[in-house]
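These numbers come from a predicted model, not from an experiment. So you know, we letter chains A, B, ... as the sequences are listed, proteins then strands, and number each from 1.
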Number of protein chains: 2
Amino acid sequence: MTDHQLREPTRLVLTVLADAPRHGYAIIQEVLAVSGGRTRLSTGTLYTALDRLLHQGLVGIESEEVVGGRLRRTYSLTSQGQNLLAEETERLRRAVAEADRRLAVARLRPNGATA
Amino acid sequence: MTDHQLREPTRLVLTVLADAPRHGYAIIQEVLAVSGGRTRLSTGTLYTALDRLLHQGLVGIESEEVVGGRLRRTYSLTSQGQNLLAEETERLRRAVAEADRRLAVARLRPNGATA
DNA sequence: CGCCATATGTCGATTGGCTACCCATTGGCT
DNA sequence: AGCCAATGGGTAGCCAATCGACATATGGCG
């Protein structure tokens, strides 16, 4: 199925990787900033998500450098990831329009349509 | 925080209940229509979601009628549910704008996606 | 009669996310 | 010296929502 069902944390990871490659910690900071402090990505969520996205080919490894005996990876969005994010964004745009439309109807009749 | 993180199926249920009360099967049909046949809500998802949403006070029971020895419930969005959907819609609107902005940056430099 | 649409529901497995940990280093405050 | 915050990367176990398959019942069509 083409039904991808991205959840919010995962979608935000792809979003903040869209304009520039970043390493894990930077992704967390960026998501925090973008969401206005609302979405705090935990490391548990992030690294398992990155692992999953790597296997799905949605993100790739930009570079690896050894810092203090540790591997620091910088991740980037693959073209496949870009396509998925673009599709998902279109889907959301439609969902937003639909919700707006229906919420407007609801406001016209404050007590609902008596079935 | 009470970070609700609505998943897509749940959000679509609230969306199609926004303009009019509907019973379960009608919700499934409506979601299918709205999504252009893309999102097929399974009954497993729907009825457990409705149960959850009832307990959370986001949807209410509009009416109940007995048809063929069975209870047919018609659900409606509560004002609390309306507020949540409105908030969620605003959040999504910002997310869409953010994704658009970053995807535009990505298109300006096609070198990034090394994959 | 079999099959499909309508209609409501349960159950087990899977997925993804979350909390809570683990590790290391730099730097500032007391 | 002892501690905390920030930077940086990672695992384990538990939980909630979703998914797929099944169960059940009525009524219409061929």
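Between Arg73(A) and Glu62(A), no side-chain nitrogen of the basic residue sits less than 4.0 Å from a carboxylate oxygen of the acidic one, so the salt-bridge criterion is not met.
Not a single donor-acceptor pair under 3.5 Å links the side chain of Thr39(B) to the backbone N or O of Ser35(B). Looking only at distances, no side-chain donor or acceptor of Thr10(A) sits under 3.5 Å from a matching main-chain atom of Leu6(A).
Atom CD of Glu8(B) and atom P of dT15(C) are 18 Å apart (whole Å). When rounded to the nearest whole Å, the span between CD of Gln5(B) and C1' of dC18(C) equals 11 Å. In this structure, CZ of Arg72(B) is placed 13 Å from P of dT26(D), rounded to the nearest angstrom. When the C1' atom of dG8(D) is taken as reference, atom CD1 of Ile27(A) falls 12 Å away, rounded to whole Å. Rounded to an integer number of Å, the gap from CD of Glu64(B) to P of dT8(C) is 12 Å. Taking atom CZ on Arg73(B) and atom P on dT6(C), their separation rounds to 22 Å, with Å as the unit. The distance between atom CZ of Arg22(A) and atom P of dG9(D), rounded to the nearest whole Å, is 14 Å. Here the C1' atom of nucleotide dG10(D) and the CG atom of Leu50(A) are 11 Å apart, to the nearest Å.
Across all strands shown, dT7(D) pairs with dA24(C); the Watson-Crick or G-U wobble distances both stay below 3.5 Å.
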Below 3.5 Å, can you tabulate the donor-acceptor pairs from side chains in residues 100-107 of chain A to any protein atom, sequence neighbours excluded?
from      : atom 1 : to       : atom 2 : distance (Å)
Asp100(A) : OD1    : Arg93(B) : NH2    : 3.1
Asp100(A) : OD2    : Arg93(B) : NH1    : 2.8
Asp100(A) : OD2    : Arg93(B) : NH2    : 3.3
Arg101(A) : NH2    : Glu98(A) : OE2    : 2.7
Arg102(A) : NE     : Glu98(A) : OE2    : 2.9
Arg102(A) : NH1    : Asp19(B) : OD1    : 3.0
Arg102(A) : NH1    : Asp19(B) : OD2    : 3.3
Arg102(A) : NH1    : Glu30(B) : OE2    : 3.3
Arg102(A) : NH2    : Glu98(A) : OE2    : 3.1
Arg102(A) : NH2    : Glu30(B) : OE2    : 2.9

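For dG9(D), the base has no donor-acceptor partner in the side chain of Thr43(A) [N/O atoms by modelled type, under 3.5 angstrom].
Among the nucleotides dT7(D), dG8(D), dT18(D), the one closest to the side chain of Ala49(B) is dT18(D). For Tyr47(A), taking side-chain heavy atoms from C-beta onward, the closest of the listed nucleotides dG17(C), dG9(C), dG10(D) is dG10(D).
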Distances under 3.5 Å only, N/O to N/O: pair up the protein atoms with those of nucleotides 13-17 of chain D.
from    : atom 1 : to      : atom 2 : distance (Å)
dA17(D) : O4'    : Arg7(B) : NH1    : 3.2
dA17(D) : O4'    : Arg7(B) : NH2    : 2.8

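Residue Thr48(A) is the one, among Thr48(A) and Thr45(B), whose nearest nucleotide of DNA chain D lies closer to the 5' end (criterion: closest heavy atom).
Between Val59(A) and Leu14(A), the closest side-chain pair of non-hydrogen atoms falls below 4.5 Å.
Through direct or indirect side-chain contacts shorter than 4.5 Å among Ile, Leu, Val, Met, Phe, Trp and Tyr, Leu92(A) is connected to Val96(A), Leu92(B), Val96(B).
The line from CG of Leu32(B) to CG of Leu12(B) is 11.0 Å long, rounded to the nearest 0.5 Å.
Using a 4.0 Å heavy-atom distance criterion, Gly24(A) is classed as a sugar-phosphate-only contact.
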